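Below is one structure, written out as structure tokens, with a few remarks after it.
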2 protein chains.
Amino acid sequence: MRRIGEFKKKARIMLIDDNFDHLSGIKELINMESNFDVIATSTNANVGISLVKKYRPDIVLMDINMPEKDGLSAMQEIEKLELGVKVIALTGYDDPDLIFRAMKIGAKGYILKTMASAQLIYAIEEVANGKIYLPSALSSRFFDYFQKSFKEEANEVSDEDNLLTYLTAREEEVLELLTQGVTYKGVASQLFISETTVKTHVNNIFQKLQVNDRTQAVLYALNNGFSNRRRMKVAI
Amino acid sequence: MRRIGEFKKKARIMLIDDNFDHLSGIKELINMESNFDVIATSTNANVGISLVKKYRPDIVLMDINMPEKDGLSAMQEIEKLELGVKVIALTGYDDPDLIFRAMKIGAKGYILKTMASAQLIYAIEEVANGKIYLPSALSSRFFDYFQKSFKEEANEVSDEDNLLTYLTAREEEVLELLTQGVTYKGVASQLFISETTVKTHVNNIFQKLQVNDRTQAVLYALNNGFSNRRRMKVAI
DNA sequence: AACGGTCTAATCCCTTTGGTCTACTTAGCC
DNA sequence: GGCTAAGTAGACCAAAGGGATTAGACCGTT
């Protein structure tokens with residue numbers, strides 16, 4: 001919108017943290033040690049969100065651990081506004097799950113309160129320059145978690161007792177169409193075979209997948225790696 | 001450089017790179033500048049995989065860009081062996097998609113050939129110590145890509161023209177059961193209503209979702225955020 | 001009290017799907 | 001040449017699903 005050129009202007013920062021002392025501490029730090037402007041602060045997530053709407057800061061430093069409304073939800077709401085506001089998560093915990101969720105929601109950075117103040121400033125600079133900043137210690141944890149979640153998925157799917165492997169090529173074609181909501185008539189015409197042939201294939205599929213009807217077959221297929229590509233945006 | 005004490009034994013390294021010159025260069029480097037052992041090398045991915053099975057190195061440095069068999073597939077095969085072998089991807093490209101796929105498969109590190117040799121050694125050390133190493137420039141790219149893929153997904157699903165929002169509470173209950181492969185009879189008995197009532201609800205569901213049959217309704221539900229939790233391992 | 005939305009349910013009718021059995025053709029294999 | 005697996009297709013019957021209409025009960029709102 002009105003974001004001219006690079007970042008010649010001082011980045012405008014907003015702080016949201018339920019701990020007032022901490023809030024003023026960070027504010028002091030930023031004002032002293034950097035050339036950023038803290039334009040607003042809030043000890044309450046909901047008020048903070050309103051302020052974000054009003055002032056449209058470049059960057060929001062958001063404490064994730066707050067009572068009433070947790071910081072992740074607040075962050076999500078800010079992301080939904082699509083104002084281009086960059087949110088940096090700030091918390092005392094380096095819980096991988098928390099890190100993962102924050103990054104998934106769209107956090108542009110994640111820093112621990114225990115980290116050196118210089119690192120905070122550096123993180124803000126990086127984020128102000130359009131990068132995403134995650135300390136390498138945390139990113140290592142993130143990746144552990146990330147890979148584990150994919151591994152579990154892969155295990156569940158590509159197990160050797162996947163009944164889908166028993167299907168013949170033609171049966172797979174038929175099932176593929178069923179997973180698209182096509183009727184037997186439709187399958188017949190698309191595969192240039194008769195409807196009774198489709199029924200024969202379908203019955204064989206039921207036997208092999210140990211299910212009783214079309215819906216169950218489709219669900220089995222979907223839950224066991226069949227045509228995973230549509231469901232998993234980022235395929236290997 | 002000699003960081004003794006962190007890992008007792010010298011880590012055993014294997015190199016796979018189709019470029020022989022590069023291979024020997026890295027080997028030299030590692031032998032000279034670190035206390036790791038290069039126990040085997042290969043200019044061919046398939047041979048490399050065999051060697052991995054045979055020697056079970058601690059770490060494999062794998063070039064991702066190779067002819068015949070690409071490094072990602074090779075890496076995936078090595079991961080499938082579940083030998084605990086740590087693979088570091090090595091390539092000339094910092095393509096975010098490539099980085100993402102490598103990390104998804106289970107790469108314990110990703111380094112560019114253009115990076116300083118000290119960084120290569122450092123990456124190996126980190127990985128040897130059980131961490132995952134991704135240079136911050138690359139991890140920034142990774143996160144961009146990562147967040148974008150989730151954003152697309154969120155957009156697709158939580159769009160305001162999601163027909164599922166028109167369903168009443170009872171209709172949702174019915175649909176929920178349908179997405180589990182339950183028949184009308186089953187729905188009726190589980191919800192303590194008659195089968196004809198189920199049919200009424202189902203017909204209303206069809207109208208609202210603009211579909212013609214059970215399978216299509218289930219597919220619509222699954223593709224539009226309904227009971228997403230089962231499909232998405234790591235929910236927010 | 002009247003209205004609209006939801007949940008419930010029935011009836012009638014027709015279509016689709018599912019189960020079983022048989023049978024022909026083709027391709028690959030010992 | 002016979003065997004097997006896969007693909008094709010028919011007949012027949014039963015069960016389930018789907019479309020349309022009607023209608024009573026309940027609840028919250030106006």
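Because only heavy atoms are used, hydrogens play no part in the values below, and waters and symmetry mates are left out as well, while side chains stay in. Within every chain, numbering begins at 1; the chains are lettered A, B, ... in the order of the sequence lines, protein sequences first and strands thereafter. Computed from a predicted structure; not experimentally measured.
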Original post:
Do B/Phe142 and A/Phe143 have their ring centres less than 6.0 Å from each other?
Top reply: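 Between B/Phe142 and A/Phe143, the centre distance is under 6.0 Å.
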
Would you give the length of the straight line joining atom [atom1] of [X] to atom [atom2] of [Y], rounded to the nearest 0.5 angstrom?
X        : Y        : atom1 : atom2 : value
A/Arg141 : A/Leu134 : CZ    : CG    : 11.0 Å
A/Asp58  : A/Ile13  : CG    : CD1   : 7.0 Å
B/Ile124 : B/Leu61  : CD1   : CG    : 4.5 Å

Subject >> Listed nucleotide nearest any side-chain atom of A/Phe206, set D/dG19, C/dT17, C/dG19 >> reply: C/dG19

**OP:** Check whether any side-chain N or O of B/Asp37 sits under 3.5 Å from a backbone N or O of B/Ile39 as a donor-acceptor pair, and report yes or no.
**Re:**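 Not confirmed, B/Asp37 side chain does not pair with B/Ile39 backbone.
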
Grab the [atom1]-[atom2] distance between [X] and [N] for me, whole Å please.
X        : N      : atom1 : atom2 : value
A/Asp213 : C/dT15 : CG    : P     : 22 Å
B/Asn212 : D/dG19 : CG    : P     : 7 Å
B/Gln207 : D/dT21 : CD    : P     : 11 Å
B/Glu172 : C/dT6  : CD    : C1'   : 14 Å
B/Asn203 : D/dA20 : CG    : P     : 8 Å
A/Leu178 : C/dT16 : CG    : C1'   : 13 Å
B/Gln216 : C/dT16 : CD    : C1'   : 13 Å
A/Lys185 : D/dG17 : NZ    : P     : 18 Å

Original post:
Salt bridge or not for B/Lys113 and B/Asp17, using N-O below 4.0 Å?
Top reply: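 Result for this pair is yes, salt bridge flagged.
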
Original post:
Could you run down nucleotides 5-13 of chain D 5' to 3' and tag each one B, S or - for protein heavy-atom contact under 4.0 Å?
Top reply: -SSBBB---

